[in-house]
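Contents: one structure, followed by commentary.
Each chain gets a letter, A, B and so on, in the order the sequences are listed, and its residues count up from 1.
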Amino acid sequence: MKESSALSFGFAGQRARVPPDPIPNSEVKPCSVSSCSVVFGHANLGKLAAHFSTKQTCRHIYPNFITERLLLWGTDEKMNVLTVLAILTSQFGVGGDIISQILSIVYILFFVVFIFYGQRIQMYAMIREVEGSLYKLKFMREEGRKTAVETIKEIGKPETDPTPRVDRYLEYFTISPQSMDPAGIVDKLDHILDVRDARLKDEVKLMAPATDEAQTYNLENTLEAAMALNYIYKVVRHYYIQGKKTLSFYTIMQLQMILPLVMKEAEAYASALKAFAYGQPIGDGAGPLVAAKLMHGYETRKVPKDCVMATVPFEGRTALVIKAEGPGGNVGKPGDAVKATIEENQGKIASVIMIDAGLKLEGEKVGEVAEGIGAAIGGPGVDQYKIEEAISQFHIPINAVIVKEDIGDAVSPMRKEISDSVDKVIERVKGVVLERTKEGDKIIIVGVGNTIGVGQ
Amino acid sequence: MIVLVVLALALVSLALAFNAFMEGEEIVAIYLVIIGFIALGLSTYVLMQSRSRAAAMKIETPKTLTTIECKKCGFKNVREFQRGDYVYKDLDKCQKCDDRQIITAIYKEVKEKEKTFPF
């Protein structure tokens, strides 16, 4: 081991223990000369010119004067890259052998690059991450479209290729009513949603003429999942291209920040595709599953809209159990059903109990049951509004029991924990009924959610 | 592309390290070995990541099970889900008591990942 290399090895831009040695095999002596202004970056041009006049002098003097040496580049046959490196590193107080000099230069360059281009490098890393997710989303969208077309061909027996119609379906949009004057907006929204629902069902019927009602509902759900995947992909792609075009760090950063949540939702829809295509119960069907268990074996009748109701004796009370009509993928209109039932009974209802799937927080267990007050129903709010209107008109207390699950569980095939929670929910409902109502009372129990794969 | 360049540079660095070691430049060799291994590790990791990302490009379809029960004798049977199954669907007669069987549950079993949080 050479002593010089052992002692002079600087690390990460730090000065080594001994001052820099001359570069081996170099004809340049890296030391300062007093006859020239050698302060880094301050060149005395007059003196410089004098030195440039003789090549011989250049080999031996002013080694610390970076400008001078760089100007000599290519003019002196003895100068080479290593010499320049040595001069550069000696300017920063780093010397030693060639490896330590390279390391120091790399280290300094690293800092300089990160100072000026740090944010841009970070942005490119984010863009790459978004790009990866976008590929995944594109794949999911294609899968959704493919599943929808295949299912239509399989069960709908269309005479022509349904692909163009599916592509058109995936681009459908709904414009919500104007809310500048909010009076009467619920009815307007309800009407718009009814029109949309009827239109989409007609489209499905045209695409798949050989389907029965349940299959039509399932196909509609499959197409809606494919539609959601198509929309998510297009929105993410929009912000990705916009961010790349404008090189806006904040657009890309916002997209990258919400991407895990978006991907979770997209993955949930992707796994829902098969469930809808095959007609399997999904996590959101927890409410209808409980209602189905309560009403199974009792006579059911249709109530508006797309719902069924059964009159069931329950702990000495009469329970009017309502759920969407299954087993097709359908949520019905529980708002209309509850309103109609209350009006039918002239408001003589002791309590309304709603059962639904509720979003769990991270850390909570899937299938956990919780109890509370209020109309447990999601969606655009029309049904919740109608239920609240009806119960407040007759001063009927309203209770809610929810089964906790996350968005992924809600739209993918039902998990065992959710299926097993049905008995726990019934126990909770019994508790509420026994504590809050009297024997002989009439109560309404509503199982809210998509009833796909759940009969009655 | 960049990953492959880094991988090549890592291998060059390791070769140079060997060379330096043979020439007695041990500290130089150590530095080159460290640089070589870090670059090798990083490039291999990135390559593996991109491969696993490509492998993850599939939609998982978990196995869905159907539970069939006889209300009279309580005979229970679990089989794989078949198209057309739905909860409370009446099925064929029970093997034991000749009464009708019904589907009582349709579900998927998900293996929970091990908890990594203390709460």
Side-chain angles (χ1 to χ4, degrees), chain A residues 1-2 5-6 9 11 97-100 103 106 132-133 135-136 138-140 143-144 147 154-155 214-215 267 270-271 273-275 277-281 283 285 288-289 292-293 295-297 326-328 362-363 365-366 409 412-420 422 451-456, chain B residues 2 13 16-17 19-21 23-32 34-35 46 49-50 52-67 69 71 78 80-91 100 102-112 115-119:
Chain A
M1 180 81 199
K2 286 178 196 167
S5 77
F9 218 93
F11 179 70
D97 67 0
I98 188 65
I99 296 294
S100 71
L103 280 175
V106 168
S133 300
Y135 275 120
K136 217 170 173 182
K138 193 178 178 187
F139 172 76
M140 286 181 200
E143 277 296 302
T147 307
E154 201 181 330
I155 60 172
Q215 285 171 333
E267 276 158 16
S271 63
L273 283 167
K274 291 276 176 211
Y278 294 147
Q280 294 170 348
L289 191 61
K293 186 156 189 178
M295 66 166 64
H296 183 66
E362 288 296 338
K365 280 183 185 161
V366 175
D409 300 323
S412 60
M414 188 179 280
R415 282 176 66 161
K416 192 172 190 304
E417 295 91 327
I418 299 170
S419 179
D420 291 345
V422 169
T451 191
I452 189 166
V454 181
Q456 49 269 333
Chain B
I2 294 167
S13 172
L16 282 174
N19 200 30
F21 186 77
E23 282 177 10
E25 299 267 8
E26 280 142 357
I27 292 185
V28 175
I30 288 167
Y31 272 95
L32 285 169
I34 291 169
I35 292 167
V46 173
Q49 280 272 309
S50 54
S52 64
R53 206 179 291 157
M57 281 278 204
K58 61 173 186 177
I59 296 165
E60 271 183 51
T61 42
K63 207 165 148 185
T64 311
L65 302 168
T66 299
T67 306
E69 273 182 67
K71 278 206 155 179
V78 179
E80 229 174 279
F81 176 86
Q82 288 168 3
R83 200 172 222 169
D85 282 357
Y86 63 86
V87 181
Y88 297 116
K89 182 185 183 184
D90 286 326
L91 293 176
R100 277 206 175 273
I102 55 161
I103 294 174
T104 52
I106 297 169
Y107 56 83
K108 67 168 180 187
E109 274 186 297
V110 180
K111 278 180 191 166
E112 283 278 7
K115 247 186 182 179
T116 48
F117 312 106
F119 311 104

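Residue contact with chain B, scored on non-hydrogen atoms closer than 4.5 Å, involves the side chain of A:E154 exclusively. For A:S419, the part lying near chain B is the side chain, with the backbone staying farther off; criterion is any non-hydrogen pair under 4.5 Å. With a 4.5 angstrom heavy-atom cutoff, A:A275 does not touch chain B via any of its atoms. With a threshold of 4.5 angstrom between heavy atoms, B:L65 does not approach chain A through any atom at all.
With sequence neighbours excluded, the residues satisfying side-chain contact (heavy atoms from CB on, under 4.5 Å) with B:I102 are A:H296, B:K71, B:Y88, B:D90, B:T104. Applying the side-chain hydrogen bond (donor to acceptor under 3.5 Å, both in side chains) rule to A:K293 yields the partners A:D423; only residues at least two apart in sequence or on another chain are considered.
Put simply, CD on A:Q280 and CD on B:Q82 are 11.5 Å apart, with the number rounded to the nearest 0.5 Å.
The heavy-atom pair separating B:I106 from A:G453 by the smallest distance is CD1-O, 4.2 Å. For A:Y278 against B:F81, the heavy-atom pair with the smallest separation is O-CZ, 3.5 Å.
Annotation for B:K89: atom NZ counts as buried by contact number, over 12 foreign heavy atoms lying within 6.0 Å.
Side-chain atoms of B:K108 and A:S412 include a donor-acceptor pair closer than 3.5 Å.
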